[in-house]
Amino acid sequence: MNSPTNANAPEVTQQYKPPFNLRRFIRTNSAQLGILGVFVTLWIIFIVSAPKTFLAPQIYSAFMSSTPFFAIMAIPLTIVVIAKEMDLSFPSIMAMGMVSFNYTYGATAFIHNATIQVFLAIVAGLVTGAIIGWLNGFIIVKFGIPSLVVTIGTQFLWSGAALVLVQGANFSLEYIKQTFFYNLFVGKIGPYFPMQMFWLVVVTILGWVVLNQHRFGAHVYLIGDNINSAELMGINTGRVRIQVFMLVGVVSAFAGILASFYVSYFWPTLGDGYLLQTLASVFLGGTSVLGGTGTILGTFLGAFIIGAIEAATVAVGLTGFWTNFIYGLIIVLSVIMHMYLRKRGE
Amino acid sequence: MEEYRLELKHVSKSFGEVQALEDINFHLGRNEVVGLLGDNGAGKSTLIKIITGYHQPTSGEIYFNGGKVDHLTVPKARELGIETVYQERALAELQTLWRNIFLGRELTTSMGFLDIQRMRDETHRLMTESMGFTSHAVSPDSTVGKYSGGEKQGVAIVRALFFNADIVVLDEPTMGLSLKESAKLINFVNGIKQAGKSAIFIDHNILHVHNVADRVVVIDRGKVAGEFQTKHIGLNELMDKMVRVAETGSLN
């Protein structure tokens, strides 16, 4: 409905190419540059305090192994927050996606081909994620209930449903190792580069393209900025918001698959412990809870700061007891920095 | 029978218990500027939002160029050639100028991908040619929230202009504008008339309305209280009638 507008738009008469202006560049990208500054500063601190650890490739390989499981969900979550919504139910979607995966694998046993079975199970998991995301969005849009409230409810609902459906059982997924999906999702390229990192990069790039180069992303920013204006200008705000929750659903189910493949084991409590790290990545990255602003790159960097702190705390010689304290410190200081940068940018 | 650009027949709108509009008959001719007058809460904005497809009427019919339109929505209304400068301006203040100009009607290449360069080019052209913005603070990539009231209104107007509307609806466009900016706006409305298009103009300022409108429709308590050709009624007489309507609900 929006595309044929090109027809009555007059022809372009001149090209607009503003001269490059460093100050403007800094101002328009202040949030991303800010978090990049935090990232580099911390990195230098780590290298200076524990050069042996931080100048060797192993530690980076470790970061790239563990961080993607939550970082990948932080990407669509960023889009949700930019649209001025909130989703706290994604950890339960990880679990429900895997429950669906298990059911499908079991139900297709007659095929006698692990690869096809696993493929169908993956599809089922992703579809389950999309359905749960759709349901979140549907309840939020149709009943007009704030998403924070709805997704607290659905988080309990689906994590509970996962436990009920498998009766609390946990079991091995050793069979996935016979299929190429194991190497495709959690294998390694060379000695150090884990495949889950590759998938994180893919999702990050897709997220960036959707948010910045596509009409969908333009509408997400507008809805988060001023939903009333968006409606007056004919944007179907309900549909866009439902789609945003579906994105989180699909990607969370995928993250659940990655995390379970990595350990080749299914835990019905999958998802526990991911909530705060993922949310912290989004806010650390400079996305405003007030909606309308935020970047994918910021979230990406934020996730790696979160992912590095735990290992770094120990590597620089502090006890593990310091981890949460340092998390908190960095998050609070970064959020203050972002608010300051935003005020100055206005 | 003359074919109107736009015609409403027996349109009513209620929000729950509240009857906002009752049995409204309204038409807008070709190349006509109609002023809507009425006190706060008379139903002017509701009427506008029905015309632009934001609200659906509870009952009644809407015709465009003689053809009946069912289930009018905002995208449908924009396709039919209605552009609106809303009282609340309908801007997204954290976003850049080019995103605001193309809000809800982004220029795309294929599969919904944005044609960003073209939107920035167009925005730049509109700014210099139509808006006369030369200030350095106003560039296609600057954020709209920083603009002055007049500049924001300029953005809302230029947005209506770009898409070659047949009907331009202006809801309280001079609100919060300086005298100079208001004069510029009145010129703009006269420009719509000269370009052979139609407009609906709502303003608190009777002087402005009397100045630019061919015809004035007075709305009171959700009903059409009366209408006048501006060439047949003096400004003072119109003002007296407006006061009388507000007090007694009747024009005479």
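Order of the sequence lines sets the chain letters (A, B, ...), proteins ahead of strands, with each chain counted from 1.
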Subject >> Portion of B:R120 that has a non-hydrogen atom of chain A nearer than 4.5 angstrom >> reply: both
Original post:
Short question: side chain of A:Q213, backbone of B:I116 - any donor-acceptor pair under 3.5 Å?
Top reply: no
Original post:
So among A:L290, A:L222, A:T293, which one has a side-chain contact (heavy atoms from CB on, under 4.5 Å) with B:L94?
Top reply: A:T293
Original post:
Is A:K142 atom NZ crowded by more than 12 heavy atoms from other residues, nucleotides or ligands, each under 6.0 Å away?
Top reply: no
Original post:
For the atom pair NZ (B:K49) and CD (A:E231), what is the distance rounded to the nearest 0.5 Å?
Top reply: 10.5 Å
**OP:** Return yes when atom CZ of A:F216 has more than 12 non-hydrogen atoms of other residues, nucleotides or ligands closer than 6.0 Å, and no otherwise.
**Re:** yes
**OP:** Starting at CG of A:D225, measure out to CG of B:L91 and round the result to the nearest 0.5 Å.
**Re:** 9.5 Å
Subject >> Distance-minimising heavy-atom pair for B:E106 and A:A218 >> reply: OE2-CB, 4.1 Å
**OP:** With sequence neighbours excluded, tell me which residues meet ring pair (Phe, Tyr, Trp, His ring centres under 6.0 Å) with A:H214.
**Re:** B:F113
**OP:** Give a yes or no on whether the backbone of B:A90 and the side-chain of A:N228 come within a donor-acceptor separation of less than 3.5 Å.
**Re:** no
Original post:
When only pairs under 4.5 Å are counted, which of B:A92, B:A77, B:G53 shares the most heavy-atom pairs with chain A?
Top reply: B:A92
**OP:** Name all residues meeting the ring pair (Phe, Tyr, Trp, His ring centres under 6.0 Å) criterion together with A:W199; count only those two or more places apart in sequence or in a different chain, and write none if there are none.
**Re:** A:F185, A:F254
Original post:
For the candidates B:T96, B:T52, B:L114, which exhibits the highest count of non-hydrogen atom pairs separated by less than 4.5 Å from chain A?
Top reply: B:L114
Original post:
Taking it one step at a time, do A:M233 and B:L103 satisfy side chain to side chain contact (heavy atoms under 4.5 Å, CB included)?
Top reply: CA-CA 7 Å; A:M233 289 293 125; B:L103 208 164; 3.5 Å; yes
Original post:
Given a strict heavy-atom distance threshold of 4.5 Å, which part of A:L232 is in contact with chain B: side chain, backbone, both, or neither?
Top reply: both
